[in-house]
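I have placed the structure first, in the form of C-alpha cells, so that the comments after it can refer back to it.
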Amino acid sequence: MNAPVLVINCGSSSIKYALIDPAPDAPRLAGLAERLGSADARLKGINSAGGSFSHALPNADHTQVLNAILNSLEGRIPGAIGHRIVHGGEKFTQAALIDSDVISAIKATAALAPLHNPANLAGISATQKIFPALPQVAVFDTAFHQTLPVKAYRYALPENLYAEHGIRRYGFHGTSHAFVSQRAAELSPRGAGGWLTAHLGNGCSTAAVWNNRSLDTSMGLTPLEGLVMGTRSGDVDPGLHAHLHRQLGWSLDKIDDVLNKQSGLLGLSGLTNDMREVEEAAEQGHARAMLALDVFCYRIAKSLAALSCALPTLDGVIFTGGIGENSPLVRSRVISLLPHFGFALDEASNDVMIRGKEGKLDRANHQGPEAWVIPTDEEGRIAMETRQCLEAQA
Ligand code: ADP
C-alpha cells in the first residue's frame with residue numbers, strides 16, 4: 001500500500017493524529033485536538049511546510065474533530081487508519097484488522113482499562129462513519145508484552161483472580177519499547193540481543209527485550225505500577241490502600257485519584273509534574289524538587305537492575321520519551337546508580353544528546369554494555385504495524 005496511514009490516538013477528551021507516508025522522508029502532518037466537548041475545544045497541528053495552525057472548535061465532538069482533521073490533511077487521502085488501543089488483554093498479541101469481533105473484544109477488555117478503551121472505541125466508531133471504505137487496524141499498547149513468560153506476568157494471588165478476572169501483569173507503552181529496541185538492534189553491532197528500555201515521558205516504564213521479544217516490563221495490570229511518573233506514584237506497598245481507607249477514611253475513588261493524579265513528581269516536589277521545572281527548581285536548591293529527582297532516578301535504576309534478571313545477556317540500555325530524550329541529568333544519574341553493570345557514559349556525548357538526536361553515549365573503545373538515546377516514534381510504529389497487518393490479510 002503506497003497511500004499514507006492516518007494514525008489516531010483517541011482519548012476521552014483529546015485526539016492525537018499523524019498522517020504517515022511510507023517514504024521515510026515524506027513530510028508528516030500531525031496534530032492534537034484537546035478539550036473535546038467544551039467551549040475551549042481546539043485543534044492544533046503542523047502542516048507539510050512545517051508551519052503550525054490552531055483552530056477553535058467550540059463544543060466539537062469526536063466526529064466533528066475528525067472531520068476537521070480530515071480537512072487539515074491538505075488533500076492527502078489516507079489508505080488506512082491505524083488506531084492506538086490501550087488494552088488488548090490476552091486476546092491481542094499483534095495488530096488486528098477491525099471488524100465486529102475485534103470491536104466486541106475491545107469492549108470486553110474495557111473493564112481492565114475503563115478510562116481508555118471506551119474512548120478508543122469512540123474514535124473507531126467516528127472514523128468508521130467518516131471513512132466507511134477505509135480499512136482500520138487496532139494496534140495495542142499491551143500486545144508487545146504478550147511474550148512475557150508466566151513467571152513475569154502472574155501476581156502471587158489466588159488462581160481464580162487470574163483465571164476468571166484476567167488479573168495479571170500486561171504492560172503498556174508496547175509500541176515505544178518495540179520501536180526503540182528494534183532500532184537499537186539495527187544501529188548497534190550487538191544486534192537484537194538483550195536491551196533494557198526506559199520510556200520516560202509523562203508516563204514512565206521500563207522493559208527487558210531479548211531478540212525483539214519483551215520478557216518483562218515495569219507496568220502491570222494498569223499503567224500505575226512501576227516507576228515514579230509525572231503524577232502517578234508507581235509502586236507503593238499494596239497495603240497502602242487499606243491503610244488509607246482505615247486510617248483516613250479515604251474512598252477507593254479518592255485513593256485512585258491521589259495515586260494517579262496527585263503523586264509522582266508532582267506529589268514529591270509539591271510544585272509540578274513537568275521534569276523541566278523539577279530540574280530547574282532542584283538546580284536552585286528547592287529541597288522537595290531535589291528529592292523528587294532523587295526518587296525518580298533511583299527508582300528507574302532499581303527497575304532496570306531488577307529487569308536485567310529477565311535477560312540472558314545485557315547488551316545495553318536505551319533512553320526514550322520526553323525525559324529520556326532530553327534530560328542528560330536524568331540519564332547520567334541513572335547510569336551512575338548502576339556502577340556494577342559496566343556502563344561507561346561519556347558526559348560530553350550525553351550532554352549534547354537532546355531534542356530528537358539519536359546516538360550512543362559511551363566513552364571511546366568501551367567494551368561493556370552500551371547506553372543509547374533513541375527518540376521514540378509511536379505513531380511511525382503504529383503506521384508500520386497497520387501496513388503489516390493489511391499486507392498479511394492480502
Ligand atoms: P507524553 O508521555 O505525554 O507523551 P513526553 O514524552 O512528551 O510526554 O514527556 C513529557 C516529559 O518530558 C515532561 O516531564 C517534560 O518536562 C519532559 N521534558 C521535555 N523536555 C525536557 C528537557 N529538556 N529536560 C527535561 N525534561 C524534559
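When a ligand or atom number is given, it counts from 1 through the structure's own listing order.
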Residue [X] excluded, over 12 heavy atoms near [atom1] under 6.0 Å:
{"X": "Gln367", "atom1": "CD", "answer": "no"}
{"X": "Glu90", "atom1": "CD", "answer": "yes"}
{"X": "Lys107", "atom1": "NZ", "answer": "no"}

Measure from the ring center of His177 to the ring center of His145 and say whether it is less than 6.0 Å.
yes
Centroid-centroid under 6.0 Å between Tyr170 and His87 rings
yes
Do His199 and Thr206 make a side-chain contact, defined as non-hydrogen atoms from C-beta onward lying under 4.5 Å apart?
no
Quick one: are Glu370 and Pro189 in side-chain contact, heavy atoms under 4.5 Å?
yes
What is the closest protein heavy atom to [atom], and at what distance does it sit?
{"atom": "atom 27 (C) of ligand 1", "answer": "Arg276 CG, 3.7 Å"}
{"atom": "atom 2 (O) of ligand 1", "answer": "Asn202 N, 2.9 Å"}
{"atom": "atom 4 (O) of ligand 1", "answer": "Lys16 NZ, 4.4 Å"}
{"atom": "atom 14 (O) of ligand 1", "answer": "Met275 N, 3.0 Å"}
{"atom": "atom 7 (O) of ligand 1", "answer": "Gly322 CA, 4.2 Å"}
{"atom": "atom 16 (O) of ligand 1", "answer": "Asp274 OD1, 2.5 Å"}
{"atom": "atom 11 (C) of ligand 1", "answer": "Ile323 CG1, 3.7 Å"}

Which atoms of ligand 1 sit under 4.0 Å from any heavy atom of Gly203?
2 (O)
Under 4.0 Å to a heavy atom of Glu279 - the qualifying atoms of ligand 1, by number:
25 (C)
Just heavy atoms, cut-off under 4.0 Å: does Glu277 contact ligand 1 by side chain, backbone, both, or neither?
neither
Tell me whether ligand 1 is touched by Gly230 - counting only heavy atoms on the residue side and a distance under 4.0 Å.
no
Run down the list Thr320, Ile354, Asn326 and name the one with the heavy atom closest to atom 23 (N) of ligand 1.
Asn326
Before giving the answer on salt bridge (charged side-chain N to carboxylate O under 4.0 Å, His left out), spell out for Asp346 and Lys360 the whole-Å C-alpha distance, their side-chain angles and the decisive distance to 0.1 Å.
CA-CA 9 Å; Asp346 177 56; Lys360 205 154 50 151; over 6 Å; no
